[in-house]
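Counting convention: from 1, in listed order, for ligands and their atoms alike. As the structure is a prediction and not an experimental result, all values here were calculated from the model.
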Amino acid sequence: MRNTEVMTSGGPVEILCEAAVDSGVAPDADFEPLRALSICERRNVLRFMGRPALERLIGADIPLYRRAPAGWVPVSLLTLDAIDLPDGLMIRSQRPFVAEAPPHLLDDEVTPTYRHFIRNNGVPPVDMRPEAWRLSVDGLVETPLTLSVADLAERFEVVTERLVMECAGNGRAFLDPPTAGAQWAYGGVACCEWTGVRLADLLRAAGPRSHAAFAAVEGADGRLPGEGRGPAFAGVVPMAKALDPHTLIAFAQNGAKILPQNGAPLRLIVPGWPGAYSQKWLTAVSLVERRPGGRFMDGPNYRMPRYDVAPGSFVPDEDMEVIESMPVKSLITAPASGHRTAERTVDVRGHAWAGDDTVAAVSLSFDYGQRWHRAELAPPPNAYAWQRWQAEITLPGRGHYEIWARATDDQGRSQPLAPKWNPGGYLVNAVHRIGVTVV
Ligand SMILES: Nc1nc2c(c(=O)[nH]1)N[C@H]1C(S)=C(S)[C@@H](COP(=O)(O)O)O[C@H]1N2
Ligand SMILES: [Mo]
């Protein structure tokens with residue numbers, strides 16, 4: 001049993017929980033000291049170990065060791081984090097509260113509500129009662145609106161869709177040198193079933209003026225103590241995306257109320273784009289002509305260099321552009337990394353998604369990317385849902401292997417084999433790797 005504090009509506013709350021869920025790795029006493037380190041620090045310790053030391057830590061031979069890329073570190077030694085919360089979340093930061101699930105707990109086609117990652121930038125509002133909530137739509141509109149949660153469902157068509165949301169910084173923990181921000185491993189992504197109304201329908205009801213170019217969105221959360229006054233997190237959605245029929249103002253998640261930590265009672269869902277666009281605890285949508293320099297929406301935040309840069313480089317602001325669609329990516333959700341089995345043949349499955357686009361293919365490799373085996377890939381159940389894939393992989397024999405998954409989108413873009421460094425630590429979409437040992 002361990003005690004954990006969670007920030008919910010009323011502030012810190014004590015939750016008693018057991019690490020009931022297997023994190024999917026072999027508990028090796030030798031590895032215990034490394035658990036206290038960050039993923040980046042672990043890599044920097046492990047990369048200088050030779051084959052015998054790595055094999056001892058893994059508890060098995062690594063037969064294809066000589067095919068591994070320079071500086072390779074077994075992924076199952078990198079991602080050894082304890083489950084902190086019931087239902088499987090690992091806490092990445094307490095203030096602001098940030099948590100993610102390990103990939104093998106994201107196996108469901110529809111992510112269970114409690115396994116949806118949590119990314120707060122400030123302190124959630126205290127009062128999230130739907131009865132008292134009001135949403136305003138104003139700025140460059142003919143008729144400003146003030147709506148209650150009940151008004152939304154009464155006045156506009158209600159839709160339910162499975163939508164992928166991913167934090168732009170998901171995967172950041174794999175960058176070297178480390179960059180500031182939440183140190184996500186793989187779990188800053190989810191695909192829930194969201195119910196709500198289309199933002200486009202509200203905007204049409206309000207009548208946007210012709211020079212409206214952006215929807216500036218506000219939430220009711222406050223800044224962390226010591227960070228001054230003002231909104232915790234400002235969002236800006238370009239009009240074309242605001243008018244996309246899949247951009248929703250949601251009031252339900254997986255058929256029930258949205259959880260406090262995920263933005264109750266109303267939140268925006270801007271699928272395929274960084275989670276940062278999906279304003280939680282939504283209170284206002286205001287149409288504006290010019291991009292406002294809201295908090296976290298200016299400077300280098302949510303921007304990528306226009307070109308590939310060497311790790312650790314300085315990139316001038318004018319060479320940075322705002323992130324819109326997220327890149328193609330995949331997750332292996334079964335087996336869990338660290339899986340040990342007597343069978344050489346392993347059933348592998350997972351999800352793949354590609355921002356505004358769809359996934360055209362998923363391939364798997366067990367020899368560090370030399371040969372690739374095509375997986376079976378299902379179409380998305382609706383636009384912006386992730387796609388199921390599965391494959392049967394037969395490993396060469398006993399020992400420790402890595403299985404890598406690489407998705408390719410319908411524009412022909414594939415996941416890179418190694419993460420690409422950038423100053424903000426965004427859009428890390430390198431192949432997903434798991435470790436599997438045949439005993
Ligand atoms: N009001 C508000 N909205 C917000 C945030 C926030 O801190 N405050 N975080 C953003 C970021 S960076 C992400 S990735 C998603 C995370 O949503 P989740 O916590 O429900 O997973 O919400 C976005 N919307
Ligand atoms: Mo995010």
Donor + acceptor pair across side chains of [X], [Y] (<3.5 Å):
X: Asn429; Y: Lys420; answer: no
X: Asp319; Y: Tyr307; answer: yes
X: Trp353; Y: Glu166; answer: yes

Residue pair Ser148, Asp151: steps toward the side chain to side chain donor-acceptor pair (under 3.5 Å) verdict: CA-CA 5 Å; Ser148 68; Asp151 289 339; 3.2 Å; yes

What residue and heavy atom of the protein are closest to [atom], and at what distance?
atom: atom 19 (O) of ligand 1; result: Lys280 NZ, 2.5 Å
atom: atom 14 (S) of ligand 1; result: Cys167 CB, 3.5 Å
atom: atom 23 (C) of ligand 1; result: Gly275 O, 3.2 Å
atom: atom 24 (N) of ligand 1; result: Ser278 O, 3.1 Å

Region of [X] engaging ligand 1 - heavy atom pairs below 4.0 Å:
X: Ala220; result: neither
X: Glu166; result: neither
X: Trp281; result: side chain

NZ/NE/NH1/NH2 to OD/OE distance under 4.0 Å, [X] and [Y]:
X: Asp201; Y: Arg155; value: no
X: Arg303; Y: Glu321; value: no
X: Arg388; Y: Glu376; value: no
X: Lys241; Y: Asp356; value: yes

Say whether [X] and ligand 1 are in contact under the criterion: heavy-atom distance to a ligand atom below 4.0 Å.
X: Trp184; result: no
X: Ala232; result: no
X: Glu218; result: no

Options Tyr302, Phe117, Phe233, Phe97, ranked by nearest heavy atom to atom 5 (C) of ligand 1, top entry: Phe233

Option set Ile118, Asp221, Asn170, Val123, criterion heavy-atom distance to atom 2 (C) of ligand 1, minimum: Asp221

Side chain to side chain donor-acceptor pair (under 3.5 Å) between Asn262 and Tyr114, intermediate numbers included: CA-CA 10 Å; Asn262 297 118; Tyr114 280 96; over 6 Å; no

Under 3.5 Å: N/O of Arg267 near N/O of ligand 1: yes

Polar contact flag for Asn120 and ligand 1 (N/O pairs, less than 3.5 Å): no

Residue Gln279 vicinity, atoms of ligand 1 by number, heavy atom under 4.0 Å: 1 (N), 2 (C), 3 (N), 24 (N)

CZ-CG distance between Phe214 and Leu287, expressed to the nearest 0.5 angstrom: 11.5 Å

